[in-house]
There are 2 protein chains.
Amino acid sequence: MNSKRSETADYEVDRQIGFFIRQANQRHVAIFNGLIGDKLTTTQWAALSKLKQIGPTSQNHLGRETAMDVTTIKGVVDRMVKRGYINTAADPNDGRRLVLQLTDEGHAVIDNNLAAAIQATKDTLEPLTPGERMMFLELLHKIT
Amino acid sequence: MNSKRSETADYEVDRQIGFFIRQANQRHVAIFNGLIGDKLTTTQWAALSKLKQIGPTSQNHLGRETAMDVTTIKGVVDRMVKRGYINTAADPNDGRRLVLQLTDEGHAVIDNNLAAAIQATKDTLEPLTPGERMMFLELLHKIT
DNA sequence: TCATTTTCATTTGTATGCAAATGAGTATCG
DNA sequence: CGATACTCATTTGCATACAAATGAAAATGA
């Protein structure tokens with residue numbers, strides 16, 4: 001008996017946790033995109049709403065707060081700056097830092113899309129009962 | 001009272017389901033990358049192991065089986081062909097189809113990395129008790 | 001103080017991930 | 001049979017996502 005072969009036979013990639021997580025993310029993103037109104041992506045929404053929550057901050061710090069790599073947050077911020085939602089300025093106290101701040105337009109786009117974002121969360125969890133939702137959130141948080 | 005403002009104040013993007021799913025996926029991918037031995041990504045692994053499971057098939061079909069867009073699966077397959085893990089041939093019965101098949105090297109790379117892939121699943125679920133793992137899988141499957 | 005380390009932002013390169021459009025081949029059905 | 005619809009693979013464009021390297025600025029500690 002070749003144990004390697006028997007393991008291979010048992011293994012099904014589409015029953016692994018990674019596969020499910022990837023699919024769940026795909027579904028959530030699709031729901032979000034279908035509800036959001038200003039062609040905002042989930043990461044752009046995360047960056048904007050987090051920036052609103054914590055106030056003016058540096059680019060890398062905003063990235064850490066939103067679980068984005070320095071390269072990723074830079075791309076997101078660049079696009080939000082280009083669209084006029086975020087303003088950048090040099091930090092007078094630290095020559096390295098780029099201070100990010102929401103523009104009035106940035107605040108407005110958050111207000112305009114908050115309901116859709118909340119609905120996206122609801123719709124994503126719709127297949128679960130209220131009790132299951134609590135449990136799911138808790139378990140998901142544990143493996144993060 | 002401005003209800004829009006109060007909603008905004010309550011909303012925290014890093015407590016939303018989408019944020020957790022994205023982070024969970026990041027963590028799993030990092031674990032997988034740390035264990036896998038041949039610079040294979042999670043999607044490349046999914047494509048290879050699924051191709052082994054279902055046998056020779058078309059590119060789009062493999063994409064559907066692995067939850068990948070036609071563009072995404074094309075990129076993955078192209079890279080696996082380039083590395084010699086997948087072989088392509090025209091389907092004599094259907095002029096549109098490209099029949100994909102694992103090469104000997106492709107079979108070998110699966111055998112060499114199966115243990116790592118299994119370990120990646122285990123490590124990802126490590127923070128949960130056995131009971132929680134069952135529950136988590138079930139809930140994750142429901143929202144997929 | 002001055003060398004070491006750390007942090008910040010940027011750039012390059014590679015790899016998903018999806019929308020939209022295209023062209024070629026196949027299936028369906030009136 | 002022939003028009004229509006569908007499927008397959010491809011291409012383009014845009015948006016994450018991360019590794020690795022770089023240069024500038026700040027913090028640290030001997």
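So that the names make sense, note that chain A is the first sequence line, chain B the second, and so on, each numbered from 1. Side chains are part of it too, since the values below use all heavy atoms of this structure and drop only hydrogens, waters and symmetry mates.
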Pairs under 3.5 angstrom, nitrogen or oxygen only, protein versus nucleotides 4-7 of chain D, please.
{"residue": "D/dT7", "atom": "O2", "partner": "B/Arg96", "partner atom": "NH1", "Å": "2.9"}

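Computed from coordinates, the A/Leu48 CG to D/dT16 C1' distance equals 15 Å when rounded to whole Å. Protein atom CZ of B/Arg22 is 8 Å distant from nucleotide atom P of D/dC18, rounded to whole Å. B/Asp69 has its CG atom 13 Å from the C1' atom of D/dG13, to the nearest Å.
By the 4.5 Å heavy-atom criterion applied to side chains, A/Met80 and A/Leu40 are counted as neighbours. The closest side-chain heavy-atom distance from A/Gln23 to A/Asp14 is not below 4.5 Å. Within the 4.5 Å cutoff, the side chain of B/Leu100 has heavy atoms near those of the B/Val77 side chain.
Here the closest heavy-atom approach between residue A/Thr43 and residue B/Arg22 is recorded as CG2-NE, 3.8 Å. In plain terms, the two heavy atoms of B/Asn113 and B/Val109 that are nearest each other are ND2-O, 2.8 Å.
Of the possible donor and acceptor atoms, one in the side chain of A/Asn33 sits under 3.5 Å from a partner among the backbone N and O of A/Val29. No donor-acceptor pair under 3.5 Å is formed between the side chain of B/Arg27 and the backbone N or O of A/Thr144.
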Quiz: residues 82-90 of chain A side-chain donor-acceptor pairs under 3.5 angstrom, not counting sequence neighbours:
{"residue": "A/Arg83", "atom": "NH1", "partner": "A/Lys39", "partner atom": "O", "Å": "3.3"}
{"residue": "A/Arg83", "atom": "NH2", "partner": "A/Asp38", "partner atom": "O", "Å": "2.6"}

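Both A/Leu98 and A/Gln26 lie near DNA chain C, and the one whose nearest nucleotide falls closer to the 5' end is A/Leu98. The 5' end of DNA chain D is approached more closely, in terms of each residue's nearest nucleotide, by B/Asp94 than by the other of B/Asp94 and A/Asp94.
Side-chain contact annotation: A/Gln16 with B/Thr121, donor-acceptor N/O pair under 3.5 Å present.
Note on ring orientation: taking the six-membered ring where Trp is involved, the planes of B/Phe136 and A/Phe136 are parallel (angle under 30°, cut-offs 30° and 60°). Classified by interplanar angle (parallel below 30°, tilted 30° to 60°, perpendicular above 60°), the ring pair A/Tyr11/B/Trp45 is perpendicular.
Heavy-atom distances under 4.0 Å link DNA chain D to no residue of residues 27-47 of chain B. Against DNA chain D, the stretch residues 70-89 of chain B makes heavy-atom approaches under 4.0 Å through B/Val70, B/Thr71, B/Lys74.
Scanning DNA chain C 5' to 3' for nucleotides with an atom closer than 4.0 angstrom to a non-hydrogen atom of chain A gives a first and last hit of C/dT7 to C/dC18.
Remark: B/His107 engages B/Lys52, B/Leu102 in a side-chain contact (heavy atoms from CB on, under 4.5 Å) (not counting sequence neighbours).
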Check the pair A/Asn60 / A/Ser58 against side chain to side chain donor-acceptor pair (under 3.5 Å), numbers first and verdict last.
-> CA-CA 6 Å; A/Asn60 280 7; A/Ser58 73; over 6 Å; no
